[in-house]
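First the proteins, then the strands, lettered A, B, ... as listed; each starts at 1.
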Protein chains: 2
Amino acid sequence: MTADPPIAMRERTRRIVQSELTVVAQDLFVESGYEAVTVEQIAAAAGMSKRTFFRYFSSKEDLVIGKYDLFGDKLAESLAVRPAEESVWEALRRVFDFFVEYVDDPKLRERRAAMERIVQSTPALNAAYLEKMSRMQKLLEEGVAARLGIDQRTDPRPGAIVGAAFACLLAAQVTWHESDQAGSFGPMLDDAMAAFHLYPPTAR
Amino acid sequence: MTADPPIAMRERTRRIVQSELTVVAQDLFVESGYEAVTVEQIAAAAGMSKRTFFRYFSSKEDLVIGKYDLFGDKLAESLAVRPAEESVWEALRRVFDFFVEYVDDPKLRERRAAMERIVQSTPALNAAYLEKMSRMQKLLEEGVAARLGIDQRTDPRPGAIVGAAFACLLAAQVTWHESDQAGSFGPMLDDAMAAFHLYPPTAR
DNA sequence: GTCATATTTGACACTCGGTGTCATACGCGG
DNA sequence: CCGCGTATGACACCGAGTGTCAAATATGAC
């Protein structure tokens with residue numbers, strides 16, 4: 001247990017440096033665009049060498065979208081906790097409340113909107129973003145398959161359902177982002193997901 | 001008109017060099033993995049310099065997934081041609097017959113399956129693939145919005161519906177790819193898309 | 001066939017993202 | 001104050017991708 005305090009300490013300072021880097025980098029991205037800003041510039045603006053930057057982020061992309069790595073497990077746990085009598089579609093909608101909170105958060109709104117614009121308009125970032133989403137989806141598929149009592153290895157429906165739910169999430173996000181963003185993101189997501197009705201799974 | 005023949009000629013030889021490069025590169029990828037093969041190795045194996053490689057493909061990724069750029073417009077046209085009385089979901093399924101033909105094509109099956117494995121297992125490629133898909137989706141959204149008579153700038157449903165259809169396509173593709181691949185890909189896609197029923201769009 | 005012209009190619013130098021290595025500086029517990 | 005482990009910077013290096021320019025090659029007119 002004597003090893004705990006220093007580790008926690010290091011981890012804390014590490015987080016601080018990371019968020020400092022994130023802020024500095026985002027300001028530069030907003031000013032000049034993602035691709036026009038080099039890692040060396042970010043590092044210099046944060047008072048460190050390029051080599052040290054890569055000790056805090058595994059890549060330039062990671063600085064922007066790395067945070068989504070943490071989301072996946074949270075979502076899967078959140079799905080596991082949903083009551084069994086709830087429909088799969090409804091359960092997924094409730095799981096997405098996590099995103100709704102994130103999008104609605106008034107403290108982050110300005111900054112998040114700016115970064116979203118940059119991600120949407122930078123193909124490399126958008127690609128990486130979609131890949132993260134696809135990883136989250138995979139983590140949820142197992143839970144959905146279990147709920148439906150079907151085998152995800154031979155039945156495409158768990159993947160299709162989770163993918164469709166994420167498609168709703170992304171579509172709502174884009175529309176929301178291009179709207180005036182008054183009120184909550186929740187109803188927009190509800191609209192998107194309400195376009196679908198799931199047939200009860202049939203045995204095969 | 002005298003300018004036509006040479007252009008067609010150059011374009012033809014260009015295609016030939018491109019497909020030669022693709023074959024050579026795919027063989028190398030299958031042997032050693034995408035990332036382990038350098039562009040210089042591909043170029044050397046095809047008897048040209050690295051600089052010349054980049055005159056035929058804008059990037060290493062482009063060599064693998066660049067062909068999908070052409071799909072988008074075809075899909076959009078294909079949707080525009082679907083009869084108006086057909087439901088949106090059914091129309092999208094019919095548009096996907098294009099993919100079904102592609103996947104079923106017995107001449108390409110072996111090679112395509114090998115490349116699919118590589119794309120699935122290489123994050124950078126998978127990300128780029130998803131990004132291409134997302135571009136195709138955008139091209140179809142307008143047509144879907146028109147069919148439904150709703151405004152895609154303020155209503156998330158066109159994007160959600162197209163995205164959901166593509167989610168079915170991807171899920172079916174993954175499941176298909178992990179199956180014995182006997183028979184046609186079509187029924188697998190039907191299964192995935194049959195999990196959903198679309199509510200008729202309501203005015204807002 | 002010959003010449004003029006346009007295109008293709010290779011060679012080279014360069015930028016940027018990312019990694020391995022090593023010596024040094026720093027913070028901490030004894 | 002000393003020893004130890006971690007953080008850092010400097011440097012060299014690799015691979016993807018681009019700009020430039022000169023040489024090679026193909027094309028068209030005559």
ask   = Which side chain to side chain donor-acceptor pair (under 3.5 Å) pairs, counting each pair once, include a residue from residues 63-78 of chain A, with sequence neighbours left out?
value = A/D69-A/K132
task = For residues 158-173 of chain B, pull every pair meeting side chain to side chain donor-acceptor pair (under 3.5 Å), keeping only residues two or more places apart or in separate chains.
result =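 Output for this query lists B/E116-B/Q173, B/Y129-B/Q173.
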Nearest-Å distance for atom pair [atom1]/[atom2], residues [X] and [N]:
X: B/R12; N: D/dT27; atom1: CZ; atom2: P; result: 11 Å
X: A/F57; N: C/dG17; atom1: CZ; atom2: C1'; result: 16 Å
X: A/F54; N: D/dC13; atom1: CZ; atom2: C1'; result: 14 Å
X: A/D62; N: C/dT19; atom1: CG; atom2: P; result: 11 Å
X: B/R14; N: D/dA26; atom1: CZ; atom2: P; result: 17 Å
X: B/L21; N: C/dT9; atom1: CG; atom2: P; result: 10 Å

query = Taking only residues two or more places apart in sequence, or in another chain, which ones meet B/R93 in a side-chain hydrogen bond (donor to acceptor under 3.5 Å, both in side chains)?
reply = B/D97, B/D190
remark   = Residue set satisfying side-chain hydrogen bond (donor to acceptor under 3.5 Å, both in side chains) with B/T38, at least two apart, ordered chain then number -> none
task = Evaluate the side-chain proximity of A/R111 to A/V30: yes if any heavy-atom separation is below 4.5 Å, no if none is.
result =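 They are not in side-chain contact.
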What does the list of N/O pairs under 3.5 Å between the protein and nucleotides 6-10 of chain D look like, with a distance for each?
{"residue": "D/dT8", "atom": "OP1", "partner": "A/Y56", "partner atom": "OH", "Å": "3.2"}
{"residue": "D/dT8", "atom": "OP2", "partner": "A/Y56", "partner atom": "OH", "Å": "2.9"}
{"residue": "D/dG9", "atom": "OP2", "partner": "A/S49", "partner atom": "N", "Å": "3.1"}
{"residue": "D/dG9", "atom": "OP2", "partner": "A/S49", "partner atom": "OG", "Å": "3.2"}
{"residue": "D/dG9", "atom": "OP2", "partner": "A/T52", "partner atom": "OG1", "Å": "2.5"}
{"residue": "D/dG9", "atom": "N7", "partner": "A/R55", "partner atom": "NH1", "Å": "3.2"}
{"residue": "D/dG9", "atom": "O6", "partner": "A/R55", "partner atom": "NH2", "Å": "2.8"}

message = If the condition is ring pair (Phe, Tyr, Trp, His ring centres under 6.0 Å), which residues does B/F54 pass it with, not counting sequence neighbours?
response =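 For B/F54 there are no ring pair (Phe, Tyr, Trp, His ring centres under 6.0 Å) partners, ignoring immediate neighbours.
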key: Set of salt bridge (Lys or Arg N to Asp or Glu O under 4.0 Å) partners for A/R153, sequence neighbours left out   =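 In terms of salt bridge (Lys or Arg N to Asp or Glu O under 4.0 Å), with neighbours along the sequence ignored, A/R153 is linked to A/D151.
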request  = Could you list by number each residue of residues 28-42 of chain A showing a heavy-atom separation from DNA chain D of less than 4.0 Å, or answer none if no residue does?
outcome  =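 The answer is none.
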With a 3.5 Å cut-off and sequence neighbours excluded, list the donor-acceptor pairs that the side chains of residues 161-168 of chain A form with protein atoms.
none

